[in-house]
Amino acid sequence: VRLVESGGDSVQSGGSLRLSCAVSGITLSSYCMGWFRQAPGKEREGVAAITSNGATSYADFVKGRFTISLDFAENMVYLEMNSLKLEDTAMYYCAADVILTANQMVHGSGGAAEIGYWGQGTQVTVSS
């Protein structure tokens, strides 16, 4: 299984980015896919997740600004990020799990420890 993120960059506050996650070795239709982030000195936290039936879940701090989506044909997961804030600066990781629901992936008490597969991360830096 491989999850390969791309699209991270340095942007100004208020800007936009689209993160991509190329997935191989698993079928998107069988997994819950999500994005986590980790800032220096902080725990990894769930950002957004999606299942193959279109169910999504978002952390409160990104609701209305970020959108997660799937491309089954290309086996890709995307995170569209708008109205970026300084506090969005972090390493962003793609995640996959065969058991969790979207809500469990983002809001579950197990957090990052429950996730089956991780990508290597892509850095997002927001500056003023």
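The chain is numbered in sequence order, starting from 1.
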Q: Locate the shortest heavy-atom distance separating M105 from C32; write the atom from each residue and the value.
A: CE-O, 3.4 Å
Q: Rounded to the nearest 0.5 Å, what separation is found between the CE atom of M76 and the OG atom of S24?
A: 11.0 Å
Q: Show the numbers, then the answer: is there a ring pair (Phe, Tyr, Trp, His ring centres under 6.0 Å) between F36 and W118?
A: CA-CA 9 Å; F36 283 67; W118 293 101; 5.0 Å; yes
Q: Closest heavy-atom contact between A102 and A49?
A: O-CB, 3.6 Å
Q: Can you name the side-chain contact (heavy atoms from CB on, under 4.5 Å) partners of A96, sequence neighbours left out?
A: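 For A96, the residues satisfying side-chain contact (heavy atoms from CB on, under 4.5 Å) (neighbours in sequence not counted) are L3, I26, Y31, M33, Y117.
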Q: Name all pairs fulfilling the disulfide bond (SG atoms under 2.5 Å apart) condition that reach into residues 95-128, sequence neighbours left out, sorted by first residue then second.
A: none
Q: With clusters defined by side-chain heavy atoms of hydrophobic residues (ILVMFWY) lying less than 4.5 Å apart, directly or transitively, does M91 cluster with V11?
A: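 V11 does not cluster with M91.
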Q: With heavy-atom distances below 4.5 Å as the criterion, would you say the side chains of V77 and L28 are in contact?
A: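 Side chain of V77 against side chain of L28, heavy atoms only: contact under 4.5 Å found.
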Q: Under a 3.5 Å cutoff, is there a donor and acceptor pairing between the side chains of N103 and T101?
A: no
Q: What's the spacing between D71 CG and S20 OG if we round to 0.5 Å?
A: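 It is 10.0 Å, given to the nearest 0.5 Å.
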Q: When you group the ILVMFWY residues by side-chain heavy-atom contacts below 4.5 Å and let the links chain together, are L70 and F66 in the same group?
A: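 Yes, F66 connects to L70 through the hydrophobic network.
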Q: Determine whether V106 and Y93 fall in the same hydrophobic cluster, where Ile, Leu, Val, Met, Phe, Trp and Tyr are linked whenever their side-chain heavy atoms lie under 4.5 Å apart.
A: no
Q: Which distance, rounded to the nearest 0.5 Å, do you find between the OG of S13 and the CD of E87?
A: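 Here the rounded value is 8.0 Å.
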Q: Roughly how far, to the nearest 0.5 Å, is the CG atom of D9 from the CG atom of L84?
A: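 Those atoms lie 10.5 Å apart.
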Q: Surrounding CD of E43 (heavy atoms of other residues, nucleotides or ligands, distance under 6.0 Å), is the total greater than 12?
A: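 Atom CD in E43 is not crowded, with 12 or fewer foreign heavy atoms closer than 6.0 Å.
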Q: Output all residues satisfying side-chain contact (heavy atoms from CB on, under 4.5 Å) with T56, sequence neighbours left out; order by chain, then residue number.
A: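 T56: side-chain contact (heavy atoms from CB on, under 4.5 Å) contacts with I50, Y58, I68.
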Q: When you compare the side chain of E5 with that of Y92, does any pair of heavy atoms fall below 4.5 Å?
A: no
Q: Identify, with sequence neighbours excluded, every residue that meets side-chain hydrogen bond (donor to acceptor under 3.5 Å, both in side chains) alongside N82.
A: S16
Q: Output all residues satisfying salt bridge (Lys or Arg N to Asp or Glu O under 4.0 Å) with K63, sequence neighbours left out; order by chain, then residue number.
A: D60
Q: Under the side-chain contact (heavy atoms from CB on, under 4.5 Å) test, which residues partner S69, sequence neighbours left out?
A: Y78
Q: Please say yes or no: joined through hydrophobic side-chain contacts below 4.5 Å, possibly via intermediate residues, are F72 and V98 part of one cluster?
A: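 Yes, one cluster joins them.
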Q: Please, which pairs that meet disulfide bond (SG atoms under 2.5 Å apart) have at least one residue in residues 95-128, sequence neighbours excluded?
A: none
Q: Does the side chain of S128 reach to within under 4.5 Å of the side chain of L86, using non-hydrogen atoms?
A: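 Touching, per the 4.5 Å side-chain cut-off.
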Q: Can you confirm whether H107 sits close enough to S57 that some side-chain heavy atom of one is under 4.5 Å from a side-chain heavy atom of the other?
A: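 In contact.
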Q: Could you pull out all residues at least two apart from R65 that satisfy salt bridge (Lys or Arg N to Asp or Glu O under 4.0 Å)?
A: D88
Q: Sequence neighbours left out, what passes salt bridge (Lys or Arg N to Asp or Glu O under 4.0 Å) with E45? Give chain and number order.
A: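 Expected list: R37.
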Q: Kindly write out the residues that satisfy side-chain hydrogen bond (donor to acceptor under 3.5 Å, both in side chains) with E114, not counting sequence neighbours, or none if the list is empty.
A: none
Q: Is it the case that one hydrophobic cluster holds both I99 and V23, taking links as side-chain heavy atoms less than 4.5 Å apart, direct or via other members?
A: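 As far as the 4.5 Å side-chain criterion goes, V23 and I99 are connected within one cluster.
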Q: Just wondering, do M81 and L19 contact through their side chains at under 4.5 Å, heavy atoms?
A: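 Yes, side chains in contact.
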Q: Mind checking what makes disulfide bond (SG atoms under 2.5 Å apart) contact with C21, not counting sequence neighbours?
A: C94
Q: For T89, what residues pass the side-chain contact (heavy atoms from CB on, under 4.5 Å) criterion, not counting sequence neighbours?
A: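 With neighbours one apart ignored, the set is Q123, T125, V126.
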